[in-house]
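Notes follow the structure.
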Amino acid sequence: MKYTQLGRTGLKVSRLVLGTMNFGPQTDEADSHAIMDAALDAGINYFDTANVYGWGENKGRTEEIIGNWFAEGGERRDKVVLATKVYGNMAADGDAWPNHDKLSALNIRRAVDASLKRLRTDYIDVYQFHHIDRRTPFEEIWQAVDVLVQQGKILYVGSSNFPGYKIAQANEIAARRGGTIGLVSEQCLYNLAERRAEMEVIPAAQEYGLGVIPWSPLQGGLLGGVIKKEVEGGRRASGRAADSLANTAIRAQVQSYEDLLDKHGIEPGEAALAWLLTRPGVTGPIVGPRTAAQLDSALRAVELELSDELLTGLDEIFPGPGPSPEAFAW
């Protein structure tokens, strides 16, 4: 496994991030534990989760699965850089009591304590805001964060799904307050087929020293060889991938992508991950394996070298927006 610094911090993290969103809803606890063991054995030390994972009446279940794994010992917790998130409504019926969601100081305090209990740990390495809160000022958010850092409950703070201007606003206010390191990472939707983050989010992250953690690196399976799987195994796409393939132009684009990688003898999913690892500012993509085989495929991507010819071909099929602000100005 290869490692890098998380943004401007001294924290060393693996170039792949283990996403746990499937733990509970799609992968049972025993298999989830096996995947985490395999990830740790392979050198992946950055694990990502969220308080809402488990979904519906099972919100929090994913954190509990991770906590039970930590409790098995073997220095599991000490070896893992643990990231979780706050913002979502944690009510099982979807009807949150006032102050039981978003980023008020009250909810941040409550949510941290609940996550620590489920995760069966004393501290969270990277505590992430899952979404912007348009009604809570960053002065209040940073005050709450400062208290939690002083208490030793969290070490660093990151964002997720933030626009570029909010990354700037958050860190400028943190700098004015003094003594607050501010945001150190941003999780954003970013992959070959979805490159809008290159216009504002990634430039802002680079300017302020945030590590970029792309989520959905395969665009919901669209970049994982979905057409080939249909033809060879009769396995039809579902969810976002199926919706995208219903568009004939997108289907033709994906077919060109798969044809190009077939020519180079590379699996599509591995190429999509390897491409992200070449992108400026990217710390490492989040991979969310449902099975051990999917984890093995992701691990191969770390060692995959993409030729200049192939990178050029990928850009031709999935052109990015171009540099900012030229992408939308003269």
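Just the heavy atoms: all of them, side chains too, but no hydrogens, waters or symmetry mates, feed the values below. Because the structure is predicted, anything quoted here is derived from the model rather than measured.
No more than 12 heavy atoms of other residues, nucleotides or ligands sit less than 6.0 Å from atom CD of Glu207. By the neighbour-count criterion of 12 heavy atoms within 6.0 Å, atom CG of Asp122 is sparsely surrounded, having that number or fewer from other residues, nucleotides or ligands.
Cation-pi geometry between Arg77 and Phe70 is met: under 6.0 angstrom from the ring centre, within 45 degrees of the axis. Remark: Arg8 fails to qualify as a cation-pi partner of Tyr208 under the 6.0 Å distance and 45° angle criteria applied to the six-membered ring.
With hydrogens and angles left out, the side-chain atoms of Glu267 and Ser297 include no donor and acceptor closer than 3.5 Å. A side-chain N or O of Tyr53 and one of Lys85 form a donor-acceptor pair less than 3.5 Å apart. At a cut-off of 3.5 Å, with distance as the only test, no side-chain donor of Ser160 or Gln128 sits close to an acceptor on the other residue. Thr20 and Thr49 form a side-chain donor-acceptor contact under 3.5 Å, judged by distance and modelled atom types alone. Side-chain contact of Asp37 with Trp69: a donor-acceptor pair under 3.5 Å is present, judged by distance alone. For the residue pair Asp146/Gln150, the side-chain donor-acceptor check at 3.5 Å is not satisfied.
Classification of the Tyr87-His131 ring pair by plane angle, with boundaries at 30° and 60°, yields tilted.
With Asn45 as the partner, the side-chain contact (heavy atoms from CB on, under 4.5 Å) test is satisfied by one option alone out of Val13, Leu82, Val80: Val13.
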Step-by-step side chain to side chain contact (heavy atoms under 4.5 Å, CB included) determination, His130 to Asn161: CA-CA 7 Å; His130 212 161; Asn161 306 305; 3.9 Å; yes
